[in-house]
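All residue numbers refer to positions in the sequence shown, counting from 1. Values below: all heavy atoms of this structure, side chains included; hydrogens, waters and symmetry mates excluded. Remember, it's a predicted structure, so these values are computed and weren't measured experimentally.
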Amino acid sequence: MNAIDDCIIIGGGPAGLTAAIYLARFHLAIRLFDSGNSRAALIPRTHNHAGYPHGITGPDLLARMLRQAETYGAVREAATVDSIERLDDGFAVRIGDRIARARTILLATGVVNHRPDMPDAVHDAALRHGLLRYCPICDGYEVTDKRVGVIGTSDHGMREALFLRGYTRDITLISPGGAHDLDESCRAKLDDAGIVHVDGPCGGFAIEGDRLALDTATGRLAFDSVYPALGSRIRSRLAVAAGARATDEGCLEVDDHQRTSIPGLFAAGDVVKGLDQISHAMGEAGVAATTIRNLLDEQRPLRR
């Protein structure tokens, strides 16, 4: 019979690692499974994470958080979880051909951004140099008074372009496909803000000098930074397959203590509906971890 952990954390981003730090310091037996594709690892440098006045890269932040968790005995394993099964005394987590068991589960699997259709080498180089950005809340400040392109359409694309209008006057909204899907209200708001909108399809991405260039229906354009506003996929499949409630978009529904609709299954970070920010994910993880500790204490008092 496999040993039963107090908690298994699924996901090694800021939420998962924060929970690991808390739970390990609560002297709980925990394990963290990390598939290694946290969105935070794609951040070239964040400047709005408190405590780092000169910014910190996503990989560096994750590495520091992991070292901190391991200092207190947390164990991280590079692995992809295939399924979660509810048991009478907790959960079974399947990883390939083996099973891990736990009294509670914390899901911190986040989301995956939909990417523009561009070669991986161009995408990764553009991301490293700030020519391609995914989070205007995180780094809109860095494009102040720059020439910015937004790839998107409909209400979602319009709203992202309008948000960025608070940083610069030079914004172009580019349809990812053919003609823009903009109703009269969207067009009026864009026009009132002085935001140019051009039809797609867009392609032919290349770094040209210090800009990211692409083809559009009106010709080739180049920008200091390009923001894809193409939505994302919420990685809630494991919990939903186990019976947890989620929104139509796939965000897991949780209460004020990060409890899902399945007793003992918690969720924190971008997989939950809310502000997709590191600080928010960490706060949710702290709430979830403390609730997990108190739940386990109620079930079997924690004594040293």
Side-chain angles (χ1 to χ4, degrees), residues 11-15 35-44 46 58 80 107-140 143 148-164 171-182 186 190 195 197-207 212-217 221 223 225-240 246-252 267 269-278 280-281:
S35 63
N37 55 2
S38 167
R39 274 202 308 177
L42 301 176
I43 300 173
T46 176
T80 298
L107 199 73
T109 44
V111 305
V112 177
N113 291 117
H114 295 314
R115 293 169 38 162
D117 186 13
M118 67 171 69
D120 289 344
V122 175
H123 176 276
D124 295 348
L127 200 64
R128 283 195 306 272
H129 293 95
L131 304 179
L132 186 69
R133 302 176 182 273
Y134 281 95
C135 181
I137 295 176
C138 305
D139 53 25
V143 301
V148 173
V150 177
I151 299 174
T153 192
S154 68
D155 185 68
H156 181 71
M158 176 206 70
R159 285 187 284 108
E160 187 141 329
L162 288 174
F163 184 91
L164 285 161
I171 298 182
T172 301
L173 179 63
I174 307 159
S175 173
H180 261 298
D181 177 21
L182 298 169
C186 285
L190 292 169
I195 296 172
H197 38 97
V198 301
D199 291 336
C202 59
F205 293 91
I207 297 174
L212 182 60
L214 64 151
D215 296 322
T216 73
L221 302 174
F223 300 94
S225 282
V226 172
Y227 282 86
L230 303 174
S232 58
R233 175 175 60 85
I234 296 95
R235 291 190 284 202
S236 57
R237 175 187 59 83
L238 293 171
V240 171
T247 67
D248 292 340
E249 296 78 20
C251 294
L252 292 177
D270 296 349
V271 73
V272 174
K273 185 175 179 61
L275 189 65
D276 289 355
Q277 291 287 291
I278 292 173
H280 194 243

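- Taking CG from Leu230 and OG1 from Thr153, the interatomic distance works out to 10.5 Å, rounded to the nearest 0.5 Å.
- Taking NE2 of His123 as the reference point, atom CG of Leu132 lies at 5.0 Å (rounded to 0.5 Å).
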- Task: Show the numbers, then the answer: is there a side chain to side chain contact (heavy atoms under 4.5 Å, CB included) between Arg39 and Asp276?
- Result: CA-CA 10 Å; Arg39 274 202 308 177; Asp276 289 355; 3.6 Å; yes
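- Glu160 contributes atom CD, which lies 10.0 Å from atom CD1 of Ile171 (distance to the nearest 0.5 angstrom).
- Ser154 and Leu182 make their closest contact through N-CD2, 3.6 Å (heavy atoms, listed as atom of the first residue, atom of the second, distance).
- Here the CD1-SG distance, from Ile43 to Cys138, works out to 6.0 Å after rounding to the nearest 0.5 Å.
- Between Gly157 and Leu173 the shortest heavy-atom distance is O-CD1, 3.7 Å.
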- Item | Residues Val150, Ile195; criterion side chain to side chain contact (heavy atoms under 4.5 Å, CB included); working and verdict | CA-CA 10 Å; Val150 177; Ile195 296 172; over 6 Å; no
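- Ile151 contributes atom CD1, which lies 14.0 Å from atom NE2 of His114 (distance to the nearest 0.5 angstrom).
- Annotation: the span from Ile174 atom CD1 to Leu214 atom CG amounts to 4.5 Å, rounded to 0.5 Å.
- No side-chain donor-acceptor contact under 3.5 Å links Ser236 to the backbone of Leu252.
- Ring geometry, His180 versus His197: the interplanar angle exceeds 60°, so the pair is classed perpendicular (tilted spans 30 to 60°).
- Taking the salt bridge (charged side-chain N to carboxylate O under 4.0 Å, His left out) definition, one finds that Asp117 meets it with nothing, sequence neighbours left out.
- Closest approach of Pro116 to Phe205, counting heavy atoms only: CB-CZ, 4.0 Å.
- In terms of heavy atoms, Gly13 sits closest to Ser38 at CA-OG, 3.5 Å.
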- Task: Check the pair Arg133, Leu164 against side chain to side chain contact (heavy atoms under 4.5 Å, CB included), reporting the backbone distance first and the verdict last.
- Result: CA-CA 12 Å; Arg133 302 176 182 273; Leu164 285 161; over 6 Å; no
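- Nearest heavy atom pair, residue Asn37 against residue Ser35, reads OD1-OG, 2.7 Å.
- Every residue two or more places apart in sequence or in another chain that forms a salt bridge (charged side-chain N to carboxylate O under 4.0 Å, His left out) with Asp215 is listed here: Arg220.
- For the pair Ser225 (side chain) and Gly130 (backbone), a donor-acceptor distance under 3.5 Å is present.
- The heavy-atom pair separating Arg128 from Pro44 by the smallest distance is O-CB, 3.9 Å.
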- Message: Applying side chain to side chain contact (heavy atoms under 4.5 Å, CB included) to Tyr134 and Leu42, what does each step give before you reach the verdict?
- Response: CA-CA 9 Å; Tyr134 281 95; Leu42 301 176; 5.7 Å; no
